[in-house]
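Here's the structure, in structure tokens; my notes come after.
Predicted, not measured: the structure shown is a model, and the values here were computed from it. Order of the sequence lines sets the chain letters (A, B, ...), proteins ahead of strands, with each chain counted from 1.
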Amino acid sequence: MKAATWNVNSLRVRLPHVTQWLRTAQANILCLQETKLVDDDFPASVIEDAGYHVAFSGQKTYNGVATLSTSPPRDIVTALPGLDDPQRRVLAATIDGVRVINVYIPNGQEVGSEKYQYKLMWLESLLAYLQLELKSHTQLMLLGDFNIAPADEDVHDPEQWRDKVLCSEPERAMFQQMIGLGLGDVYRKFDQEPDTFSWWDYRAAGFRRNLGLRIDHILCSQESYAACVECVIDKAPRKWERPSDHTPVVAEFVKP
DNA sequence: ATGGTGGCGCGGCCA
């Protein structure tokens, strides 16, 4: 079983990339972020024709998440409990007995800004939700664009990024709190090539110069973490014509 | 060089 996450930065633009990628990746679950589509405009039939079920929660212009799966999604949740938030950033579903939580964590814009405060508040709310979900699901995966590079090894130039948004200590502390709940970062379960990232800025030829960050993650509950046998970042779609600024992160699991 | 590109949607916001 393969599960993946990909911030597509507009599904309208990137739908051909998604269907192309699905043809060879053989993913059973694909979590998308930044679909930037209202639900009425969601291309469900194209995805269903590709052999996938799909659940989605979108809004105009910004944000929006969707979860594609070869098995049907059950018990869908599209909001963090207790958080009155019009921004569509979370989509939880149970797929083949696994609780799959797809998140587009706020970017935060700049340390100390209003959007940064919103990010930390949003993360507090996510932590409470995860704590709750872990009580009822031994198989749980949290996949998405976290907008957090957890450690210096996830940053092309740690000194340049020191205390900047995506790398600041309060953000990293929130990531560690997720680890503290019993979740494991499956990418770091395995030996990895240094300087492998999941996002590169469109500006300043970021991808060509590998000026990236690893901000897209797959965190798993103990049971799912133990079942993970591989995790890779697939850089191929970032090289395609008119790419997203993110590329897919993929994890493979054996049956528990 | 202290910027740059890209998406949305048509001016400016967001990343």
Side-chain angles (χ1 to χ4, degrees), chain A residues 5-21 30-43 46-47 56-66 83 85-91 102-123 126 143-150 154-168 170-172 174-175 197-217 233 235-249:
Chain A
T5 179
W6 191 4
N7 178 325
V8 290
N9 184 21
S10 167
L11 186 56
R12 216 187 293 275
V13 175
R14 241 65 72 179
L15 185 58
H17 300 65
V18 169
T19 54
Q20 177 65 42
W21 188 78
L30 174 59
C31 296
L32 303 178
Q33 302 86 35
E34 284 205 272
T35 55
K36 299 186 176 179
L37 287 167
V38 295
D39 291 349
D40 284 346
D41 292 339
F42 194 90
V46 175
I47 286 162
F56 45 89
S57 176
Q59 69 180 85
K60 188 172 142 67
T61 311
Y62 302 116
N63 309 314
V65 283
L83 187 70
D85 186 2
Q87 302 191 26
R88 309 327 285 165
R89 295 181 174 278
V90 63
L91 179 59
N102 176 3
V103 288
Y104 175 47
I105 293 175
N107 172 282
Q109 195 164 59
E110 191 182 352
V111 173
S113 68
E114 207 167 290
K115 291 192 173 65
Y116 183 79
Q117 290 308 318
Y118 165 72
K119 180 179 195 171
L120 295 179
M121 184 265 307
W122 200 95
L123 282 163
L126 175 64
L143 310 89
D145 177 358
F146 284 54
N147 272 312
I148 300 172
D154 303 310
V155 182
H156 69 90
D157 184 345
E159 292 317 315
Q160 181 197 322
W161 281 87
R162 182 83 53 216
D163 299 325
K164 300 287 196 303
V165 76
L166 314 185
C167 298
S168 74
E171 293 167 82
R172 287 181 170 178
M174 295 303 285
F175 187 90
F197 307 118
S198 66
W199 168 84
W200 300 261
D201 201 312
Y202 284 122
R203 295 167 289 187
F207 183 66
R208 185 179 57 74
R209 301 160 66 198
N210 198 30
L211 308 180
L213 302 179
R214 191 177 71 94
I215 56 177
D216 301 271
H217 307 295
I233 296 176
K235 280 163 71 169
R238 191 61 174 79
K239 301 171 187 168
W240 295 349
E241 194 91 9
R242 207 180 178 189
S244 167
D245 44 353
H246 297 249
T247 210
V249 183

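When the P atom is used for both B/dG9 and B/dA15, the distance is 15 Å, rounded to whole Å. For the C1' atom pair drawn from B/dC14 and B/dG4, the interatomic distance equals 16 Å after rounding to whole Å. B/dG11 and B/dG7 are spaced 14 Å apart, taking the C1' atom of each and rounding to whole Å.
Residues meeting the salt bridge (charged side-chain N to carboxylate O under 4.0 Å, His left out) test with A/Arg238, sequence neighbours left out: none. A/Asp201 is linked by a salt bridge (charged side-chain N to carboxylate O under 4.0 Å, His left out) to A/Arg203, counting only residues two or more places apart in sequence or in another chain. Under the side chain to side chain contact (heavy atoms under 4.5 Å, CB included) criterion, A/Leu211 pairs with A/His156, A/Arg209, not counting sequence neighbours. For A/Tyr62, there are no ring-ring contact (aromatic ring centres under 6.0 Å, His included) partners two or more places apart in sequence or in a different chain. Considering only residues two or more places apart in sequence or on other chains, A/Glu241 meets the side-chain hydrogen bond (donor to acceptor under 3.5 Å, both in side chains) condition with none of them.
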Footprint string (nucleotides 6-15 of chain B, 5' to 3'): B base within contact, S backbone only, - free, heavy atoms under 4.0 Å:
SSSS---BSB
